[in-house]
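Here the structure is laid out as structure tokens; the discussion comes afterwards.
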Amino acid sequence: QVKLQQSGAELVKPGASVKLSCKTSGYTFSTSYMSWFKQIPGQSIEWIGMIYAGDGGTGYNQKFKGKATLTVDTSSSTAYMDLSSLTTEDSAVYFCARGLGAGWGQGVMVTVSS
Amino acid sequence: DVVLTQTPPTLSATIGQSVSISCRSSQSLLDSDGDTYLNWLLQRPGQSPQLLIYSVSNLESGVPNRFSGSGSETDFTLKISGVEAEDLGVYYCMQATHAPLTFGSGTKLEIK
């Protein structure tokens, strides 16, 4: 059974950074892609980027270049997303998903507030 | 970026009723490899999105066959043949033919 378990909710101050994690099980992580998405409550979904766990190769939505950095740790089958220089506009729920959406994490709420 | 326009924005249905949701793309979603990367997802209240259909018409494993997808190029449709109570939520179309991946604005299905 495919499972993606994301880290807990974050409350961070403007200008700070945060690292979100997505621990996987039930499939071969090392030969799979992982996508990350952003959703402001009540709104649609935005694609942030994707990483291939096999070699760490990444592709980003231009909108999120410089904001998000995707990495993986194949030894623990975990994907990570660093979000930097946070502003209130980064307050949202962030999801990880296997490939192009065939299995999603539960989402993590990031709140940016002073 | 590719813009996906979903209609209607909201839909109210009784149990057993059949409904359809439209998704129109600002560009053809036919890829050079011959596939069309248009997916449908359902996000139930308070939950993560769930993949229902991939590549226009392929049912994801475990998804009931009352869901079906059709279409080509720029016009796509999701049909639910006999709505059930568990189908309430927001339906999104998503394209992965052109970078960046983009989503429609969603169709909220309410049960009467």
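Computed over heavy atoms, backbone and side chain alike; hydrogens, waters and symmetry mates excluded. In the text below, chain A, chain B and the rest are named by the order of the sequence lines, each starting its count at 1.
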* Please state whether the rings of B:Tyr92 and B:Phe103 are parallel, tilted or perpendicular, taking 30° and 60° as the class boundaries. => perpendicular
* Structure fact -> Looking only at B:Ala96, B:Pro100, B:Gly106, B:Pro49, the option with the highest number of non-hydrogen pairs under 4.5 Å against chain A is B:Pro49
* Asked: Does one hydrophobic cluster hold both B:Leu59 and A:Leu100, with members joined at side-chain heavy-atom distances below 4.5 Å?
  -> no
* Asked: Do the two ring centres, one from A:Trp104 and one from A:Phe37, sit under 6.0 Å apart?
  -> yes
* Asked: Can you tell which of B:Leu51, B:Val90, B:Leu101 has the highest number of heavy-atom pairs within less than 4.5 Å of chain A?
  -> B:Leu101
* To do: Select one option (side chain, backbone, both, neither) describing which atoms of B:Leu41 are under 4.5 Å from chain A's heavy atoms.
  => side chain
* Asked: Between A:Asn61, A:Val93, A:Ile48, which has the largest tally of heavy atom pairs under 4.5 Å with chain B?
  -> A:Asn61
* Asked: With no hydrogens and no angle check, is any side-chain donor or acceptor of B:Ser25 less than 3.5 Å from a backbone partner on B:Thr74?
  -> no
* Quick one: what part of A:Gln62 sits under 4.5 Å from any heavy atom of chain B, side chain, backbone, both or neither? -> neither
* From CA spacing to verdict: side chain to side chain donor-acceptor pair (under 3.5 Å), B:Ser12, B:Glu110 -> CA-CA 5 Å; B:Ser12 186; B:Glu110 300 171 340; 4.6 Å; no
* Do any N or O atoms from the side chain of B:Glu84 and from the backbone of B:Glu86 form a donor-acceptor pair under 3.5 angstrom? -> no
* Structure fact -> Under 4.5 Å to a heavy atom of chain A? For B:Ser105 that would be backbone
* Asked: When heavy-atom pairs shorter than 4.5 Å are enumerated against chain B, which of A:Gln39, A:Gln106, A:Glu46 gives the highest number?
  -> A:Gln39
